[in-house]
Amino acid sequence: MRYTKQDIIQIVKDEDVEFIRLQFTDMFGNFKNMAVTTSQLEKVLENQCVFNGSAIDGFLSMQEPDIYLYPDLNTFEIFPWRPQQGKVARFICDLRRADGTPVAGDSRQILKKVLMDAGDMGYRFKAGPECEFFLFDLGQDGNATTETKERGGFFDIGPVDAGENARREIVMTLEEMGFEVEASYHANAPAQHEIDFRYAGALTCADNLMTFRMVVRTIARRHGLHATFMPKPKSGVEGSGMHLNLSLHDPEGKNLLSAPEAEDGLSEVGKYFVAGLLSHINGITAITNPLVNSYKRLVPGYGAPVYIAWSAAANRTALVRTGLRKGRVNRIELRCPDPSANPYLALAVCIAAGLDGVKRKELPPPRVDGNIFAMTKEERLGYGIQSLPKHLEYALDELERDALLGEVLGENLRNNYLAAKRAEWKEYRTSVSAWEVSQYLDRF
C-alpha cells in the first residue's frame, strides 16, 4: 500500500486513531519507539519529532544528540490487538540529523543504501525469511522461563502442540496487518514454532521481520506464554534459525538466477553471488549470528549449518542452497542466520557480499551435493570445506578484518558494534556458569 500524507490524515480520522507510535531499530535489532497523540500528527508528517539519540547505543554523541524521526508513510499500520476506540497505529521511521542527513548508525538506511547501489547495477532484490521461535510458559511472577509442558515435534497438532491457539492468533493478527502467511506449524523441538510469510522487496522484508517479532511477542503474552527468538534457549534440542532466501531480478522483474540450460540450473550471475557470500561469510556471521548464544546453535548434530559449502540440490547440510524447482532456480538460501539478528544489517551485508562476487566475477568452489555431516574431517578437507566461526569472538575478528563489510556498515556503526559485542564476549568469558559449578565445585 502506498500512502500520501492526506491518506494518513483521513485514515486516522475515519478509524478513530488516538495514539501513534514512531518506531525505529537500534543497531542490535531491537525495536524502539516514541508515542504521540494524533494531535501531533501534522508534526509527525512534517518530520519534526525529535528524540535524544545519545541515549541509544550506536547513534549520536552527547555533543550532537538530536535525532529526527522521518516516518515511512507506507509502513502505517493500526495495531489489531489494541482498543477499537482510541486505536493505536505506528510508522517505521528513518533517522536523520537536523540538517536532513542520515544518522550513521541507522541500520534501515544502511540497507537502503545497499539496495540503491544494487539498483545502480541494474539489480533488484526480494527476500523471504523462515523464522523459528519458542513459546515458553510464564513464571508465577510473570517473568520469562524456559519451561514448557508440551512434548511436540515437527507438524504435531493439539493437544500435543500446546501453542496451537497462540500461533493461530498470531497468524490471524499478521494477516490483519497485511502479511501473506504461507505456512505455520510446530517445529522440531518442544515449544518451538515456525511461521513463514511471503517474500517481499528486501527493505519491506526487514520491516516485516521487525513487525513479526513484535506481533509474536505481544500475542504470546495474551496467551500466558513468553515468545523468545533466542537462538538456543535450551540444551539438547534444536535451536531457532532464520534462513534468508534471496532472489535477484532486473528492473523488469526477470529472474537473473535461473539458467535452465546449465547442469545445476544456476546462472553465471547467481554463481558469482554465491561466491561473494561464501568469501565474506566469516565476517557476515558476526551480524547474522550476533550473540554468544548464536554459536551454540551452529554445532553438529542439530540440523544447523556448520560447514562453508554450497549445494544445487535439496541438501540441508550445506550452508547455501540453490535448489531447482520446476526446472528453475528462483532463490539463494543462506541457512546460518538466526532470529536474534538485526534484519536490516543481515540483509545489507549478505546482499553487499553477493554483489561483491558479481563485481569481481568470482566463481564459487565446486558444489557439494552429498551429506557433509557424514563426511570425515579428511573428506571435508579434500573438498576444501572449512567451518563457520565457532564462537562470537572469532566472527568479530573476521568482521573487523573485512574491508567490504566495514564499508557497508560505516565506521560509526562498525566500531560501536564491535566494541559492544567484544564487551559482551568478555563478560561471557569471565562469568561462571551453573554447568561449571555443578561439574567442579565438589570435585576440586
Side-chain angles (χ1 to χ4, degrees), residues 1-56 59-60 65-98 100-103 105-109 111-112 169-170 172-179 197 200-201 203-222 227 342-344:
M1 182 69 69
R2 303 200 66 81
Y3 292 120
T4 65
K5 291 180 181 179
Q6 192 56 47
D7 291 334
I8 298 296
I9 292 169
Q10 192 63 48
I11 294 170
V12 166
K13 180 181 178 181
D14 292 346
E15 295 292 335
D16 187 28
V17 174
E18 184 60 35
F19 288 93
I20 297 176
R21 294 185 180 270
L22 304 174
Q23 298 181 322
F24 60 95
T25 303
D26 70 11
M27 68 177 176
F28 304 118
N30 298 309
F31 241 166
K32 306 287 187 178
N33 78 196
M34 181 171 73
V36 298
T37 65
T38 51
S39 66
Q40 304 299 303
L41 181 58
E42 183 177 346
K43 187 177 177 181
V44 169
L45 296 177
E46 294 301 322
N47 310 318
Q48 292 301 308
C49 290
V50 187
F51 73 94
N52 178 7
S54 64
I56 307 293
F59 287 164
L60 302 182
D66 287 347
I67 289 181
Y68 287 77
L69 292 157
Y70 277 57
D72 184 333
L73 302 189
N74 299 319
T75 65
F76 181 82
E77 291 288 349
I78 296 172
F79 293 156
W81 59 87
R82 301 297 290 175
Q84 292 306 294
Q85 291 183 330
K87 295 177 182 177
V88 180
R90 74 91 193 267
F91 293 103
I92 296 176
C93 301
D94 291 327
L95 307 178
R96 296 186 180 270
R97 298 171 184 265
T101 57
V103 170
D106 183 6
S107 54
R108 190 173 193 263
Q109 293 193 93
L111 175 57
K112 289 172 80 170
E169 187 176 345
I170 290 168
M172 292 171 65
T173 302
L174 290 169
E175 292 197 328
E176 195 169 344
M177 296 179 73
F179 282 66
F197 47 91
L203 181 66
T204 300
C205 175
D207 288 340
N208 286 345
L209 275 165
M210 294 302 301
T211 301
F212 171 79
R213 296 196 303 210
M214 175 185 65
V215 170
V216 169
R217 291 191 180 107
T218 299
I219 302 304
R221 281 271 168 171
R222 292 163 64 99
N342 179 329
Y344 301 104

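Only this structure's heavy atoms are used, side chains among them; waters, hydrogens and symmetry mates stay out.
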*Asks:* Identify the heavy atoms of Asp106 and Leu95 that sit nearest to each other, and give their distance.
*Replies:*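 In terms of heavy atoms, the two residues are closest at OD2-N, 2.8 Å.
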
*Asks:* Which heavy atom in Glu15 sits nearest to a heavy atom in Lys87, and how many Å separate them?
*Replies:*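 Closest pair (atom of Glu15, atom of Lys87, distance): OE1-NZ, 2.7 Å.
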
*Asks:* Should we say atom CD of Gln40 is surrounded by more than 12 heavy atoms from elsewhere, each under 6.0 Å from it?
*Replies:*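 Yes, enclosed.
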
*Asks:* Could you tell me whether the side chain of Arg213 reaches within less than 4.5 Å of the side chain of Phe31, counting heavy atoms only?
*Replies:*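 Contact flag for Phe31/Arg213 side chains = no.
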
*Asks:* Counting C-beta onward and ignoring hydrogens, is there a side-chain heavy-atom pair between Val88 and Arg90 closer than 4.5 Å?
*Replies:*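 Result no, sub-4.5 Å side-chain heavy-atom pair not found.
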
*Asks:* Without swapping roles, check the side chain of Glu18 against the backbone of Gln85 for a donor-acceptor pair under 3.5 Å.
*Replies:*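 No, because the side chain of Glu18 does not come within donor-acceptor range (under 3.5 Å) of the backbone of Gln85.
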
*Asks:* The criterion is side-chain hydrogen bond (donor to acceptor under 3.5 Å, both in side chains); which residues satisfy it with Thr37, sequence neighbours excluded?
*Replies:*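 Here the qualifying residues are Ser39.
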
*Asks:* What pair of heavy atoms forms the shortest contact from Asp26 to Lys32, and how long is it?
*Replies:*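 Taking every non-hydrogen atom into account, OD2-CE, 3.4 Å.
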
*Asks:* Which value, rounded to the nearest 0.5 Å, describes the distance between Arg82 atom CZ and Arg21 atom CZ?
*Replies:*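 Rounded to the nearest 0.5 Å, the CZ-CZ separation comes to 6.0 Å.
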
*Asks:* For Asp72 and Cys93, indicate whether the former's side chain and the latter's backbone hold a donor-acceptor pair under 3.5 Å.
*Replies:*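 No, because the side chain of Asp72 does not come within donor-acceptor range (under 3.5 Å) of the backbone of Cys93.
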
*Asks:* Does Arg108 pair with Asp207 as a salt bridge, N-O distance under 4.0 Å?
*Replies:*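 Yes.
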
*Asks:* Evaluate side chain to side chain contact (heavy atoms under 4.5 Å, CB included) for Val12 paired with Phe76, printing each intermediate quantity in order.
*Replies:* CA-CA 10 Å; Val12 166; Phe76 181 82; 4.0 Å; yes

*Asks:* Distance from Arg97 atom CZ to Ile67 atom CD1, nearest 0.5 Å?
*Replies:*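 Rounded to the nearest 0.5 Å, the CZ-CD1 separation comes to 8.0 Å.
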
*Asks:* Can you tell me how far OH of Tyr3 sits from CG of Leu45, rounded to the nearest 0.5 angstrom?
*Replies:*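 The CG atom of Leu45 sits 13.0 Å away from the OH atom of Tyr3.
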
*Asks:* At what distance, to the nearest 0.5 angstrom, does CE of Met172 lie from CD of Glu175?
*Replies:*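 Taking CE in Met172 and CD in Glu175, the distance rounds to 8.5 Å.
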
*Asks:* Yes or no on side chain to side chain contact (heavy atoms under 4.5 Å, CB included) for Thr38 and Phe19, after CA distance, side-chain angles and deciding distance?
*Replies:* CA-CA 6 Å; Thr38 51; Phe19 288 93; over 6 Å; no

*Asks:* For the CG atom of Asn33 and the CZ atom of Phe24, what is their distance to the nearest 0.5 Å?
*Replies:*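 Output value for this atom pair is 7.5 Å.
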
*Asks:* Could you state the interatomic distance from CG (Asn342) to CE (Met210), rounded to the nearest 0.5 Å?
*Replies:*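 Here the rounded value is 6.5 Å.
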
*Asks:* In a check of side chain to side chain contact (heavy atoms under 4.5 Å, CB included) between Phe51 and each of Leu22, Asp66, Ile56, which one passes?
*Replies:*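 Only one option passes, and that is Ile56.
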
*Asks:* Could you go through Lys5 and Ile8, starting from their C-alpha distance and side-chain angles, then the distance that decides it, and tell me whether this counts as side chain to side chain contact (heavy atoms under 4.5 Å, CB included)?
*Replies:* CA-CA 5 Å; Lys5 291 180 181 179; Ile8 298 296; 5.7 Å; no

*Asks:* Parallel, tilted or perpendicular for Phe179 and Phe197, by the 30°/60° rule?
*Replies:*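 Judged by the thresholds at 30° and 60°, the geometry between Phe179 and Phe197 is perpendicular.
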
*Asks:* Would you check if there is a donor-acceptor pair between the side chains of Thr211 and Asn208 at a distance under 3.5 Å?
*Replies:*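 No, no side-chain donor-acceptor contact under 3.5 Å.
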
*Asks:* Decide yes or no on side chain to side chain contact (heavy atoms under 4.5 Å, CB included) for Gln23 and Met214, but give the supporting numbers first.
*Replies:* CA-CA 11 Å; Gln23 298 181 322; Met214 175 185 65; 3.3 Å; yes

